[in-house]
Every structure is written in C-alpha cells, then in structure tokens.
Amino acid sequence: EDQVTQSPEALRLQEGESSSLNCSYTVSGLRGLFWYRQDPGKGPEFLFTLYSAGEEKEKERLKATLTKKESFLHITAPKPEDSATYLCAVTGNQFYFGTGTSLTVIP
Amino acid sequence: GAVVSQHPSRVICKSGTSVKIECRSLDFQATTMFWYRQFPKQSLMLMATSNEGSKATYEQGVEKDKFLINHASLTLSTLTVTSAHPEDSSFYICSARRQGNNEQFFGPGTRLTVL
C-alpha cells in the first residue's frame with residue numbers, strides 16, 4: 001500500500017538551530033517527491049521536486065535530499081519567518097500527501 | 001510563473017444553499033486540476049481530479065452529485081458545493097498541473113463556512 005509518513009509531527013527550534021524534517025514513503029513507481037510549505041489559512045507553496053535517489057535541491061536555508069526510502073528537508077540556521085507547516089507529497093499512481101511537520105522557530 | 005488563483009477566498013452561506021468556487025491557472029495551461037479539502041490541523045485530502053473537457057474522477061467517499069466539478073477550459077475549473085450543510089465547512093484548495101509535468105501548483109484556498 002502506498003504511504004507517506006512525516007516526522008516529527010511538530011518541531012520547535014531556537015533561531016539559528018539547524019535541524020531536519022523527515023518524509024518516509026512507500027510507493028509503487030515513484031515519479032516524484034515534492035516538498036511544500038503551508039502557512040495557516042493559505043494554500044501550499046511549492047518548494048522542491050526530487051525525482052531520483054541521490055538528488056539534492058537547495059533554496060536559501062532549505063535543502064532537500066532523497067533516498068530510495070525517504071527524503072529529508074534540512075533547515076540551516078532557521079529564522080522565525082521559516083515557521084510553517086512543511087508538507088511532503090509523492091507521485092506514484094496517485095498523488096499522496098503526508099500529514100506535515102509543524103515547525104516553530106523561536107526568536 | 002505557475003500562479004493559481006481561487007475565488008472567493010472566504011464564503012459564508014446558509015445551510016441548503018449552493019456555493020461555487022473558481023480555480024484559475026493564471027500563466028499556464030492546466031490540463032489537469034485537483035480539488036482538495038483540508039480540516040484544521042490535518043493534511044490535504046484529495047476530493048477529485050479533473051481533466052479539461054472530461055468528467056472528473058472522484059475519490060472514494062466523495063459524493064459527485066454534491067461536489068460538482070467542471071473543467072471547461074485549460075485555465076478554469078469550478079467546484080460547486082450543492083445544498084451545503086455545516087459539515088461541509090472546510091478549507092477547499094485547488095491545484096493545477098501542466099501537461100507532461102508532475103508538479104502541482106496550489107491556489108490560496110477558499111474557506112467555506114456553512115451556518
């Protein structure tokens with residue numbers, strides 16, 4: 001059964017404290033893994049697409065990596081404005097979303 | 001590029017009325033559009049997938065007669081919640097995908113409150 005699991009469910013970091021969010025997946029015929037950021041009351045904002053194991057993408061303080069079983073979203077020296085829910089999604093036969101990690105960065 | 005808009009952003013209606021939500025891809029042609037709903041502190045739940053010019057494909061448990069979807073052009077899809085009830089109150093989000101591309105770009109969402 002295709003499945004996407006994100007951990008932790010919630011994460012509180014001090015400003016400048018780097019960490020990683022995890023997205024584990026089991027999907028038949030992965031055609032892409034996506035990271036989105038969602039702010040309260042808004043639609044998800046596209047961050048990255050990863051297609052194959054070993055691939056990495058970076059944008060400002062965020063870096064996404066992919067293996068055959070999971071993806072990590074690394075946040076380096078986060079700032080309060082990075083506080084949001086980060087969603088992972090995969091495309092196999094369908095598009096599956098994880099339940100997200102709620103990140104709070106404390107000044 | 002890849003901007004998706006939704007209208008309205010918020011709607012409050014009385015029980016029994018119908019509500020139409022529009023989803024537009026502003027700077028690209030979307031061969032496929034998706035409709036999701038999201039309850040507080042939960043992830044997005046796919047309701048239906050619509051391809052331009054054809055009938056929408058609904059996920060299991062989603063009533064197609066209650067949630068009418070029309071994808072009449074490559075830039076516009078509409079979701080009509082018919083005879084809305086308080087349990088239909090939710091955050092409805094659409095997304096759009098270009099032909100030959102796996103990425104989905106999301107609209108800002110519509111908050112529906114049914115009194």
Side-chain angles (χ1 to χ4, degrees), chain A residues 1-11 21-25 27-52 55 57 59 64 66 71 83-104, chain B residues 1-11 21-28 30 32-51 57-60 62 79 89-98 100-113:
Chain A
E1 181 183 330
D2 295 345
Q3 199 169 2
V4 180
T5 305
Q6 288 188 248
S7 62
E9 190 174 308
L11 182 63
L21 313 182
N22 178 266
C23 172
S24 298
Y25 65 91
V27 65
S28 303
L30 179 72
R31 294 193 286 129
L33 185 142
F34 310 88
W35 281 100
Y36 292 87
R37 169 192 171 129
Q38 186 176 25
D39 292 296
K42 296 187 178 180
E45 174 191 342
F46 172 77
L47 293 175
F48 303 109
T49 307
L50 301 166
Y51 290 105
S52 56
E55 190 175 357
K57 293 269 179 80
K59 179 182 178 181
L66 180 65
S71 176
S83 297
T85 296
Y86 290 85
L87 298 168
C88 164
V90 297
T91 298
N93 293 322
Q94 295 184 40
F95 203 81
Y96 300 95
F97 269 100
T99 52
T101 294
S102 176
L103 173 66
T104 304
Chain B
V3 178
V4 177
S5 70
Q6 271 183 251
H7 178 80
S9 58
R10 281 182 186 277
V11 57
I21 303 170
E22 290 187 351
C23 176
R24 293 181 185 271
S25 56
L26 297 184
D27 53 0
F28 67 100
T32 307
M33 286 186 167
F34 305 85
W35 287 96
Y36 295 82
R37 63 189 297 180
Q38 186 176 34
F39 292 104
K41 301 198 176 183
Q42 293 187 23
S43 193
L44 284 75
M45 299 293 294
L46 180 65
M47 298 175 66
T49 301
S50 74
N51 292 295
T57 303
Y58 290 81
E59 295 299 302
Q60 195 171 10
V62 178
L79 168 67
S89 299
S90 189
F91 192 51
Y92 291 86
I93 310 173
C94 74
S95 71
R97 188 176 71 191
R98 279 186 267 237
N101 195 302
N102 286 326
E103 294 160 358
Q104 290 186 29
F105 297 94
F106 287 82
T110 296
R111 171 74 59 194
L112 171 64
T113 303

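Every chain is numbered from 1, with letters handed out A, B, ... down the list of sequences.
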Participant: Would you indicate whether the side-chain heavy atoms of B/Q104 and A/F34 approach each other to under 4.5 Å?
Facilitator: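 SC-SC contact between A/F34 and B/Q104 ruled out.
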Participant: Using a cut-off of under 4.5 Å on heavy-atom pairs, state which of B/R111, B/Q42, B/Q38, B/M45 scores highest against chain A.
Facilitator: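 With the most close heavy-atom pairs to chain A, the winner is B/Q38.
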Participant: Among residues at least two apart in sequence or on other chains, which ones pass ring pair (Phe, Tyr, Trp, His ring centres under 6.0 Å) with B/F39?
Facilitator: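 Per chain and number, B/F39 pairs via ring pair (Phe, Tyr, Trp, His ring centres under 6.0 Å) with no residue.
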Participant: Do any side-chain atoms of residues 96-104 of chain A form donor-acceptor pairs under 3.5 angstrom with protein atoms, and if so which ones, sequence neighbours left out?
Facilitator:
unit_1	atom_1	unit_2	atom_2	d
A/Y96	OH	A/D2	OD2	3.3
A/T101	OG1	A/P8	O	2.6

Participant: Give the minimum heavy-atom separation between A/K42 and B/F91, together with the two atoms involved.
Facilitator: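 Taking A/K42 first and B/F91 second, the nearest heavy atoms are O-CE2, 3.6 Å.
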Participant: Could you look at A/E45 and say if it's the side chain, the backbone, both or neither that has a heavy atom under 4.5 Å from chain B?
Facilitator: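 Neither the backbone nor the side chain of A/E45 comes within 4.5 Å of chain B.
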Participant: Quick one: which of A/P44, A/P40, A/G41 has the most heavy-atom pairs under 4.5 Å with chain B, could you say?
Facilitator: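 Winner by heavy-atom pair count: A/P44.
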Participant: With chain A, which of B/T110, B/L46, B/I93, B/L44 has the greatest number of heavy-atom pairs at distances under 4.5 Å?
Facilitator: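 Of the options given, most contacts go to B/L44.
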Participant: Examine whether an atom of B/F34 lies under 4.5 Å from a heavy atom of chain A, and if so say whether it belongs to the side chain, the backbone or both; otherwise answer neither.
Facilitator: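 For B/F34, neither part sits under 4.5 Å from chain A.
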